[in-house]
Trainee: 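A single structure is presented below for examination.
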Amino acid sequence: MAGFRIGRGDRDNRTAQGQQAQAPQGPSYGGQAPHQGHRQPSYGYPQGNQYGYPGPVNDGPEYFGDPGHGAHGGGHDPYAANQPGHTQAFSVDEASAYNQGETYHAGSAAPPGPSGPPLHWKELLKGIFLSPDATFLRMRDYTMWGPALIVTFLYGLLAVFGFDGARADAIGATLTNAIPIVLITAVALVLSAFVLGVVTHTLARQLGGDGAWQPTVGLSMLIMSLTDAPRLVFAMFFGGDASFVQVIGWITWLAAGALLTLMVSRSHDLPWPKALGASAIQLVALLSIVKLGTF
């Protein structure tokens with residue numbers, strides 16, 4: 001009986017050695033030898049496996065984490081990805097990290113987002129002159145249609161008295177005729193400031209800017225109206241053709257150019273030469289239409 005067991009073991013060893021010589025060598029999985037210690041009962045089915053040599057049915061290549069294969073009969077692989085399908089599941093918070101791409105900015109160093117809530121209209125008007133850089137950075141993502149339209153409209157109501165011809169017509173006309181003249185002039189200046197702001201924004205985008213159009217237009221309307229206020233005050237009393245009024249107009253025009261350039265640079269993240277180029281058409285229009293009294 002002992003000899004029968006020895007002979008049977010030798011036959012099994014020779015069979016396994018022959019199959020190992022014929023079968024191609026597969027990859028090694030962690031240095032573990034195939035488990036051949038168990039033989040399952042046949043239960044009426046033919047013995048052997050799909051790989052062509054005698055042995056347990058599931059004695060094939062090991063697939064880590066695959067529930068249908070492996071030497072351990074579908075044991076759980078702690079190193080596999082989430083079952084089934086070897087895919088990794090993400091929660092909403094984890095997946096959102098892959099969607100946080102960097103926003104393209106035209107300049108080499110993009111400024112940060114809004115540093116706080118939008119400024120109150122008093123702080124906005126004061127900040128344009130006292131701290132323009134911080135004000136333009138703060139308001140580059142906020143609209144300001146209320147202050148822009150109101151200030152520009154009030155400026156237009158007074159601007160009619162800064163032009164010699166329009167002032168003479170308004171003063172010489174009756175009250176019923178003077179009111180339409182003043183209102184039409186105010187509306188015309190509001191529309192002109194709006195269109196010039198849109199032109200400035202369009203040029204800035206064509207030059208590589210990335211700012212929004214509403215903050216750009218609103219700030220440009222405020223800059224146009226506020227910077228011309230000193231010239232307008234003197235022109236109302238001395239006329240727009242007076243020499244010192246013209247000098248004041250040139251000074252305020254340069255101030256408007258500096259503020260517009262800074263505003264476009266901060267709102268669109270552009271270097272100052274491109275920002276100045278984007279503001280060029282608006283500056284020329286201001287010089288010819290408003291500052292020099294040729295409205």
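We're numbering straight along the sequence, starting at 1. From a predicted model like this one, the values you see are computed outputs, not experimental measurements.
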Trainee: Can you check side chain to side chain contact (heavy atoms under 4.5 Å, CB included) on L287 and W250, steps first, answer last?
Mentor: CA-CA 8 Å; L287 182 63; W250 279 101; 3.9 Å; yes

Trainee: Checking S265 side chain against T261 main chain: does a donor-acceptor pair fall under 3.5 Å?
Mentor: no

Trainee: OG1 of T135 to CG of L130: how many Å apart, nearest 0.5 Å?
Mentor: 8.0 Å

Trainee: Applying side chain to side chain contact (heavy atoms under 4.5 Å, CB included), name anything that partners T152, two or more places apart in sequence or on another chain.
Mentor: V190, A193, M221, S225

Trainee: Which donor-acceptor pairs under 3.5 Å do the side chains of residues 270-286 make with protein atoms, sequence neighbours left out?
Mentor:
unit_1: S279; atom_1: OG; unit_2: A275; atom_2: O; d: 3.0
unit_1: Q282; atom_1: OE1; unit_2: T200; atom_2: OG1; d: 2.6

Trainee: Cluster question for you: counting only ILVMFWY and a side-chain heavy-atom cut-off of under 4.5 Å, with indirect links fine, are V160 and L191 together?
Mentor: yes

Trainee: Measure the spacing between OG of S267 and CG of L262 and express it to the nearest 0.5 Å.
Mentor: 8.5 Å

Trainee: Report yes or no: do F136 and L254 belong to one cluster of Ile/Leu/Val/Met/Phe/Trp/Tyr joined by side chain heavy-atom distances under 4.5 Å?
Mentor: yes

Trainee: Tell me if the centroids of the rings in W213 and W145 come within less than 6.0 Å of each other.
Mentor: yes

Trainee: Which atom pair, heavy atoms only, marks the closest approach of T252 to R231?
Mentor: OG1-CB, 4.3 Å

Trainee: By the rule that ILVMFWY residues connect when side-chain heavy atoms come within less than 4.5 angstrom, directly or transitively, which residues belong alongside I184?
Mentor: none

Trainee: Holding to side chain to side chain donor-acceptor pair (under 3.5 Å), I want the full list of residues that pass it with T176, two or more places apart in sequence or in another chain.
Mentor: T174

Trainee: Suppose we screen for side chain to side chain contact (heavy atoms under 4.5 Å, CB included). Which residues come up paired with L157, at least two apart in sequence or across chains?
Mentor: F153, L154, V182, L183, A186

Trainee: If a pair satisfies salt bridge (charged side-chain N to carboxylate O under 4.0 Å, His left out) and one of its residues is in residues 180-204, list it, with sequence neighbours excluded.
Mentor: none

Trainee: When rounded to the nearest 0.5 angstrom, what distance separates CG in L149 from CG in L222?
Mentor: 9.0 Å

Trainee: According to a hydrophobic-cluster definition based on side-chain heavy atoms being under 4.5 Å apart (Ile, Leu, Val, Met, Phe, Trp, Tyr only), do F161 and F237 belong together?
Mentor: yes

Trainee: Among all residues two or more places apart in sequence or in another chain, which pass the side chain to side chain contact (heavy atoms under 4.5 Å, CB included) test with P118?
Mentor: M139, Y142

Trainee: Is there a continuous path of hydrophobic side-chain contacts, each under 4.5 Å between heavy atoms, that joins F129 to I251?
Mentor: no

Trainee: Shortest non-hydrogen contact from G156 to T185?
Mentor: O-CG2, 4.0 Å

Trainee: Applying ring pair (Phe, Tyr, Trp, His ring centres under 6.0 Å), can you list everything that pairs with F238, at least two apart in sequence or on another chain?
Mentor: F244

Trainee: Please report the closest heavy-atom contact between A256 and T227, naming both atoms and the distance.
Mentor: CB-OG1, 3.5 Å

Trainee: About how many Å separate CD1 of I150 and CE of M144, when rounded to the nearest 0.5 Å?
Mentor: 13.5 Å

Trainee: Write out all pairs satisfying salt bridge (charged side-chain N to carboxylate O under 4.0 Å, His left out) with one or both partners inside residues 119-133, taking only residues at least two apart or from two chains.
Mentor: D133-R266

Trainee: Give, for atom CG of L124 and atom CG of L226, the distance between the pair rounded to the nearest 0.5 Å.
Mentor: 8.5 Å

Trainee: Which residues pass the side chain to side chain donor-acceptor pair (under 3.5 Å) test with T216, not counting sequence neighbours?
Mentor: H268

Trainee: Report the distance from atom NE2 of H201 to atom CD of Q206, rounding to the nearest 0.5 Å.
Mentor: 10.0 Å

Trainee: Please name all residues satisfying side chain to side chain contact (heavy atoms under 4.5 Å, CB included) with A159, sequence neighbours left out, ordered by chain then number.
Mentor: Y155, F163, L189, L232

